[in-house]
> 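Quick one: structure below, then a few questions.
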Amino acid sequence: DTAVSQTPKYLVTQMGNDKSIKCEQNLGHDTMYWYKQDSKKFLKIMFSYNNKELIINETVPNRFSPKSPDKAHLNLHINSLELGDSAVYFCASSRRDGEKLFFGSGTQLSVL
Amino acid sequence: DQQVKQNSPSLSVQEGRISILNCDYTNSMFDYFLWYKKYPAEGPTFLISISSIKDKNEDGRFTVFLNKSAKHLSLHIVPSQPGDSAVYFCASNYGSSNTGKLIFGQGTTLQVKP
């Protein structure tokens, strides 16, 4: 009965590859997010979607493309992976903008 | 330029005593503040929040204090329990209220010793 689930939990890949991280929430929330936790442990927002529409798009390289097929899913596709993309990526959702966020358990991405 | 700062990377307290975690912010536009708790290999979970119209909010053993003039907030845990051992993140809304665009501090690792 996981509220926000993301897969895979660990992702190890070579530079230049394309990879996707999937996220699903069963809370009935309207808004979903992707956050990135960098090597200094800061959590920074990347994107947010409200009911499948892009709301927030921070200064993220075009190689990162979120896709929301429905309001329960927000996937993150990354093209041409670079060493600096290594981080933990967290998906989150909230009932509406500004409500407290519910986070997934994270995806540890390691680019070699 | 980090707008939310948690200057203590770690804190160790004895079980039963008070834990005080501090957070400073620089942007006077911030009007909503939250604390999240994170265990290893899990995502952050919401703990407690406070709006800028208040200076204190209490929920069981957890109390958050906000000092707007000093741009400082603190989380008090009384009494501390071993299960409270985790990383605690302070976060704030950026700009207007009701946005999920949270600015997080870098976290403080709390260790509660039995």
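We name chains A, B, ... by the order of the sequence lines, and we start the count at 1 in each one. The structure presented is a predicted model; accordingly, all values stated were derived computationally and were not measured.
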> To the closest 0.5 Å, what do you measure between CD (B/Gln3) and CD1 (B/Ile103)?
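Going from CD on B/Gln3 over to CD1 on B/Ile103, the span is 5.5 Å.
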> What residues of residues 104-112 of chain A make heavy-atom contacts with chain B at a cutoff under 4.5 angstrom?
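Result: A/Gly104, A/Ser105.
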> Taking side chain as everything from C-beta outward and backbone as N, CA, C, O, which of these in A/Phe102 sits under 4.5 Å from a heavy atom of chain B? Side chain, backbone, both or neither.
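Neither part; nothing is under 4.5 Å.
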> If you measure from CG on B/Leu34 to CG on B/Leu102, what distance do you get to the nearest 0.5 Å?
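One finds 5.5 Å between CG of B/Leu34 and CG of B/Leu102.
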> To the nearest 0.5 Å, tell me how far B/Leu21 CG sits from B/Leu11 CG.
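Between atom CG of B/Leu21 and atom CG of B/Leu11 there are 5.5 Å.
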> Does anything in residues 69-77 of chain A reach chain B? List residues with heavy atoms under 4.5 Å apart, or say none.
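Within residues 69-77 of chain A, no residue comes under 4.5 Å from chain B.
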> Identify the heavy atoms of A/Ala92 and A/Phe103 that sit nearest to each other, and give their distance.
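Nearest pair, atom of A/Ala92 first, then A/Phe103: CB-CD2, 3.7 Å.
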> Over all heavy atoms of both residues, which pair between B/Asp84 and B/Pro79 is shortest? Give the atoms and the distance, please.
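Shortest heavy-atom separation between B/Asp84 and B/Pro79 comes out as OD2-O, 4.1 Å.
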> For residues B/Phe89 and A/Gln37, determine if any side-chain heavy atom of one lies less than 4.5 Å from a side-chain heavy atom of the other.
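Sidechains of A/Gln37 and B/Phe89: in contact.
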> Output the residues of residues 37-72 of chain B for which the shortest heavy-atom distance to chain A is under 4.5 Å, in residue-number order; output 'none' if no such residue exists.
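The stretch touches chain A at B/Lys38, B/Ala41, B/Glu42, B/Gly43, B/Pro44, B/Phe46.
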> Taking only residues two or more places apart in sequence, or in another chain, which ones meet A/Lys67 in a side-chain contact (heavy atoms from CB on, under 4.5 Å)?
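In terms of side-chain contact (heavy atoms from CB on, under 4.5 Å), with neighbours along the sequence ignored, A/Lys67 is linked to A/Ser65.
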> Would B/Ser8 and B/Thr108 count as a side-chain hydrogen bond (donor to acceptor under 3.5 Å, both in side chains) here? Give the steps.
CA-CA 6 Å; B/Ser8 297; B/Thr108 296; 5.7 Å; no
> Just how far is it from atom CD1 of B/Ile20 to atom CG of B/Leu110, taken to the nearest 0.5 Å?
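With rounding to 0.5 Å, CD1 (B/Ile20) is 11.5 Å from CG (B/Leu110).
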> Identify the heavy atoms of A/Val4 and A/Ser93 that sit nearest to each other, and give their distance.
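Closest heavy-atom pair between A/Val4 and A/Ser93: CG2-OG, 3.7 Å.
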> Could you tell me whether A/Glu53 atom CD has more than 12 heavy atoms of other residues or ligands within 6.0 Å of it?
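No, not enclosed.
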> Run the salt-bridge test on A/Arg63 and A/Asp85 with the 4.0 Å N-O cut-off and return the result as yes or no.
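A salt bridge is present here (some side-chain N lies under 4.0 Å from a carboxylate O).
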> Specify the closest pair of heavy atoms between A/Phe47 and A/Leu54, including all atoms of both residues, with the distance to one decimal.
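Reported closest heavy-atom pair: CD2-CD1, 4.1 Å.
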> For each of A/Lys9, A/Lys44, A/Gln6, tally heavy-atom pairs with chain B at distances under 4.5 Å, and name the one with the top tally.
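Option with the greatest count: A/Lys9.
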> If every non-hydrogen atom of A/Met46 is compared with every non-hydrogen atom of A/Phe64, which pair is closest and at what distance?
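Heavy-atom minimum between the residues: CE-CD2, 3.5 Å.
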